Participant: 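Pasting a structure below so you can have a look.
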Amino acid sequence: MAREKSVMAYSGGLDTSVCVKWIQDEKDMDVVAVTGEVGQEHNGLEAVKQRALETGAIDAYVLDLREEFANDYLTVALAANSLYENKYPLLSALSRPLISKKLVEIAHEVGATTIVHGCTGKGNDQVRFETSIKVLDPSLKIIAPVREWDLKTRDQEMDWAEKHGIEVPTTKASPYSIDDNMWGRAIECGVLEDPWNEPPADIWTMTVDPEKAPDEAQYVEITFEQGVPVAIDGEKVSMAEAVFKMNEIAGKHGYGRLDLIEDRLVGMKSRECYECPGSLSLITAHKALETLCLERKTLSLKLNLEQEWAQLVYDGCWFSPAKAAIDAFIKNTQTCVTGTVRLKFYKGTCTVVGSKSDYSLYNYSLATYGEEDRFDQKLSKGFIDLHGLQLTTWSENRHEKHLSEIEELA
């Protein structure tokens with residue numbers, strides 16, 4: 001009788017490498033490994049596929065998802081200026097729904113009843129995978145071995161892997177847990193677990209040390225059409241090409257390093273380091289263009305919804321009606337976010353130094369104090385009288401009643 005099949009989200013790292021063998025031994029199930037190429041660092045995904053097969057997977061898929069990830073996920077994230085807790089561009093939270101979608105599709109294709117992931121019980125990714133899978137196909141079972149086994153530390157996992165002849169890329173000398181895609185890298189564990197420790201130099205791979213960055217600044221012009229980057233320094237690019245190009249430029253100048261404490265969905269604070277040279281650069285430019293092209297109330301509403309959007313996606317609710325509704329609002333705001341922004345990179349900094357657009361709401365003749373000024377300053381008195389009318393009425397009443405509210409405010 002054929003064994004029950006499972007489909008596993010397989011990165012080839014420590015956790016998933018151990019998971020393949022564990023699922024076979026403990027659950028008596030066959031494993032089909034699925035690896036998604038989303039622009040992460042690797043020495044060849046065919047080697048990852050081979051590792052899965054050597055570990056015991058009955059089949060292994062390597063899917064090139066870079067264009068789909070860039071066009072269907074990163075463009076949406078950029079439109080939302082997605083910064084979790086207004087700090088860092090969402091990274092893993094953006095790739096997980098896409099990978100979950102592919103896991104479900106392959107489960108249907110191979111007749112699997114179960115989906116397996118290697119996320120820990122302390123992290124956010126378990127929520128993202130499982131919530132997405134449950135929305136896409138509630139009938140599929142889900143197993144998270146790391147939540148079940150007795151291997152409590154990464155050192156114990158490495159020992160278990162060695163005992164069972166499993167080759168893993170993690171070593172006790174470099175125990176970091178890293179997740180990355182073209183939008184950036186997330187690094188945790190090891191000495192980073194003590195927030196007093198300065199991040200070691202060897203954790204950074206996308207950015208040079210700002211102190212060793214070029215002594216000459218570099219200017220870059222990014223052209224957007226309806227909120228999507230379409231050219232860099234006049235050269236046409238796809239979304240994916242724009243991200244990779246800005247990773248290269250910003251990384252060369254040491255821009256994009258973050259070291260922060262964030263609030264995890266599962267209730268704890270975590271010290272995380274991020275490298276996001278391209279995504280931070282593009283978000284910086286995109287936000288600058290929006291301030292030029294969108295009117296005040298739209299910007300205000302959008303800023304609030306951006307935080308809601310980031311929280312929903314961080315919490316694993318990519319496939320949710322709430323996010324879809326916010327997406328509709330944000331998409332509408334991007335209609336006229338078309339133009340060019342000039343960035344200046346120097347020694348770990350990225351500064352907006354110019355912006356232009358045919359849809360610019362900046363009117364020189366209204367803003368200037370020169371001879372071209374056509375703003376009628378005499379109108380301001382009436383505006384101020386009306387703007388402050390209720391406060392003035394309130395103040396007159398309280399003074400008349402000899403109440404102390406005015407003194408307390410002062």
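Quantities reported herein were computed from a predicted structural model and do not represent experimental measurements.
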Participant: Without swapping roles, check the side chain of E372 against the backbone of S365 for a donor-acceptor pair under 3.5 Å.
Facilitator: no

Participant: Using modelled atom types only, decide if a donor and an acceptor are shared between the side chain of R185 and the backbone of M206 within a distance under 3.5 Å.
Facilitator: no

Participant: Consider only side-chain N and O atoms of T298 and T333, and report whether a donor and an acceptor are under 3.5 Å apart.
Facilitator: no

Participant: Quick test of your reading of the model: are E54 and R51 salt-bridged, counting only N-O distances below 4.0 Å?
Facilitator: no

Participant: Does Y359 have more than 12 heavy atoms from other residues, nucleotides or ligands lying within 6.0 Å of its OH?
Facilitator: no

Participant: Whether D72 and K101 form a salt bridge (side-chain N of Lys/Arg under 4.0 Å from carboxylate O of Asp/Glu) is what I want to check.
Facilitator: no

Participant: Tell me if the NZ atom of K347 is crowded by more than 12 foreign heavy atoms within 6.0 Å.
Facilitator: yes

Participant: Just checking E41: does its CD atom have more than 12 heavy atoms from other residues, nucleotides or ligands closer to it than 6.0 angstrom?
Facilitator: yes

Participant: I'd like to know if E148 pairs up with K27 as an ion pair, taking the criterion as any Lys NZ or Arg NE/NH1/NH2 lying under 4.0 Å from an Asp or Glu carboxylate oxygen.
Facilitator: yes

Participant: Is K245 salt-bridged to E235, going by a charged N under 4.0 Å from an acidic O?
Facilitator: no

Participant: Does the pair K122/E193 count as a salt bridge with the N-to-O cut at 4.0 Å?
Facilitator: no

Participant: Look only at the side chain of Q307 and the backbone of L303, and say whether a donor-acceptor pair between them is shorter than 3.5 Å.
Facilitator: no

Participant: Does the separation of the ring centres of W318 and Y73 fall below 6.0 angstrom?
Facilitator: yes

Participant: Using modelled atom types only, decide if a donor and an acceptor are shared between the side chain of S177 and the backbone of C189 within a distance under 3.5 Å.
Facilitator: no

Participant: Given V337, which partner from the list V228, L294, L292 fulfils the side chain to side chain contact (heavy atoms under 4.5 Å, CB included) test?
Facilitator: L294

Participant: Quick one: which of Y274, Y314, W309 gives a ring-ring contact (aromatic ring centres under 6.0 Å, His included) with Y84?
Facilitator: Y314

Participant: Give a yes or no on whether a salt bridge exists between E248 and K252, defined as a side-chain N under 4.0 angstrom from a carboxylate O.
Facilitator: no

Participant: First locate atom CD1 of I384, then atom CG of L389, and finally report the distance between them rounded to the nearest 0.5 Å.
Facilitator: 13.5 Å

Participant: Verify the distance criterion only: is there a donor paired with an acceptor across the side chains of E221 and T340 at less than 3.5 Å?
Facilitator: no

Participant: Any carboxylate oxygen within less than 4.0 angstrom of a Lys/Arg side-chain nitrogen, looking at K323 and D327?
Facilitator: yes

Participant: Does the distance from a Lys or Arg side-chain N to an Asp or Glu carboxylate O, for D159 and K163, drop under 4.0 Å?
Facilitator: no

Participant: Looking at E308, I'd like to know if its CD atom is crowded, meaning that more than 12 non-hydrogen atoms belonging to other residues, nucleotides or ligands lie closer than 6.0 Å.
Facilitator: no

Participant: State which residues pass ring pair (Phe, Tyr, Trp, His ring centres under 6.0 Å) with F69; sequence neighbours excluded, sorted by chain then number.
Facilitator: none

Participant: Where is the tightest heavy-atom contact between W149 and D15, given as atom of each residue plus distance?
Facilitator: CH2-O, 4.0 Å

Participant: Taking T351 for the side chain and V353 for the main chain, is one N or O donor matched with an acceptor at less than 3.5 Å?
Facilitator: no

Participant: So for atom OH, which belongs to Y219, do other residues, nucleotides or ligands contribute more than 12 heavy atoms lying within a distance under 6.0 Å?
Facilitator: no

Participant: Mind checking whether H253 and P214 have side chains closer than 4.5 Å, heavy atoms only?
Facilitator: yes

Participant: Got more than 12 heavy atoms from elsewhere within 6.0 Å of NE2, H108?
Facilitator: yes

Participant: Could you tell me whether the side chain of T35 and the main chain of V62 form a donor-acceptor pair under 3.5 Å?
Facilitator: no

Participant: Does a salt bridge link E272 with R264, judged by any charged N lying under 4.0 Å from a carboxylate O?
Facilitator: yes

